[in-house]
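One is the number of the first residue; the rest follow in order along the sequence.
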Amino acid sequence: MSILITADGAILNLDELNLLSRLVADLERIRNGVAPSRHELADAPLLDNWSLAMRLRPCLTGQVDGHPTIARGRRSITSQLHLFAPHHGYARSLSRFYRLGEPREE
């Protein structure tokens, strides 16, 4: 779930931040050549009869302006949404901050 900042400034779903921090630490360790230890893997749950699958994750879609690789005015989809503060005019996807203009009228 994405972290949400409400209109009154309350921050919801901060557990996501802890999960992401641990993920980054693990990935940096592996990037530096330190694989999970036998002890770590012994304590990990066993997933048997497994296969790859896909899940839906929150994102935003809209016309973009000022993106480094997407043409101005082109409708696009952000990467996975991690922080959403619509009342404060911004959001944070996996890759960058976005300033939020007007929402789409349904």
Side-chain angles (χ1 to χ4, degrees):
M1 168 148 290
S2 300
I3 296 168
L4 174 67
I5 300 177
T6 63
D8 64 1
I11 301 173
L12 307 177
N13 305 327
L14 269 178
D15 291 342
E16 180 89 357
L17 179 61
N18 296 328
L19 291 171
L20 291 171
S21 295
R22 291 194 334 251
L23 172 62
V24 167
D26 288 342
L27 293 176
E28 286 178 343
R29 221 176 35 161
I30 291 168
R31 178 184 64 185
N32 292 327
V34 180
S37 70
R38 288 184 184 191
H39 177 72
E40 285 177 286
L41 292 178
D43 288 342
L46 173 66
L47 186 61
D48 206 3
N49 195 27
W50 61 270
S51 64
L52 290 175
M54 299 292 289
R55 299 173 109 171
L56 297 176
R57 294 297 307 240
C59 62
L60 293 172
T61 183
Q63 291 175 299
V64 70
D65 184 15
H67 193 281
T69 60
I70 299 173
R72 182 177 188 266
R74 184 168 178 202
R75 189 147 191 93
S76 65
I77 299 172
T78 68
S79 55
Q80 179 180 333
L81 187 64
H82 284 280
L83 186 136
F84 187 46
H87 300 285
H88 302 277
Y90 67 94
R92 177 62 160 90
S93 72
L94 179 62
S95 55
R96 66 184 33 84
F97 277 103
Y98 285 89
R99 292 174 291 131
L100 297 176
E102 294 298 316
R104 182 177 181 180
E105 292 183 22
E106 297 298 325

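With H67 as reference, R96 is the one residue of R96, R72, R74 to meet the side-chain contact (heavy atoms from CB on, under 4.5 Å) rule.
T61 contributes a side-chain N or O that, together with a main-chain N or O of S76, makes up a donor-acceptor pair within less than 3.5 Å. Side chain of H88 to backbone of T6: a donor-acceptor contact under 3.5 angstrom is found. When atom types are taken as modelled, the side chain of D8 and the backbone of A10 share a donor-acceptor pair closer than 3.5 angstrom.
Residue L19 qualifies as enclosed at atom CG: its count of foreign heavy atoms under 6.0 Å is above 12.
In this structure, CD1 in I5 is found 11.0 Å from CZ in F84, a value given to the nearest 0.5 Å. Taking CG of L20 as the reference point, atom CG of L83 lies at 10.5 Å (rounded to 0.5 Å).
Cation-pi geometry between R99 and Y90 is not met at under 6.0 angstrom from the ring centre and within 45 degrees of the axis.
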What verdict does the side chain to side chain contact (heavy atoms under 4.5 Å, CB included) test give for L94 and H82, after you've listed the backbone C-alpha separation in whole Å, the side-chain angles of each residue and the deciding distance to 0.1 Å?
CA-CA 6 Å; L94 179 62; H82 284 280; 3.8 Å; yes
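Residues satisfying the salt bridge (charged side-chain N to carboxylate O under 4.0 Å, His left out) criterion with R22, sequence neighbours excluded, are absent altogether. For the salt bridge (charged side-chain N to carboxylate O under 4.0 Å, His left out) test, no residue two or more places apart in sequence or in another chain qualifies with E28. Taking D15 as the reference, N18 meet the side-chain contact (heavy atoms from CB on, under 4.5 Å) condition, with sequence neighbours excluded.
When hydrophobic residues (I, L, V, M, F, W, Y) are linked wherever their side-chain heavy atoms come within less than 4.5 Å, V24 remains an isolated member. In the hydrophobic clustering, where aliphatic and aromatic side chains (Ile, Leu, Val, Met, Phe, Trp, Tyr) are joined below 4.5 Å either directly or transitively, L56 stands alone. Cluster partners of Y98, by chain and number: V64, I70. The rule joins Ile, Leu, Val, Met, Phe, Trp and Tyr whenever side-chain heavy atoms lie under 4.5 Å apart.
No continuous path of hydrophobic side-chain contacts links L81 to L23 [ILVMFWY only; heavy atoms under 4.5 Å].
Side-chain contact between S95 and T78: absent, with no pair of heavy atoms (C-beta onward) separated by less than 4.5 Å.
Closest of all the heavy-atom pairs between A91 and L60 is CB-CD1, 3.7 Å. Scanning all heavy atoms of the two residues, the minimum distance from L4 to P86 falls at CD1-CD, 4.3 Å.
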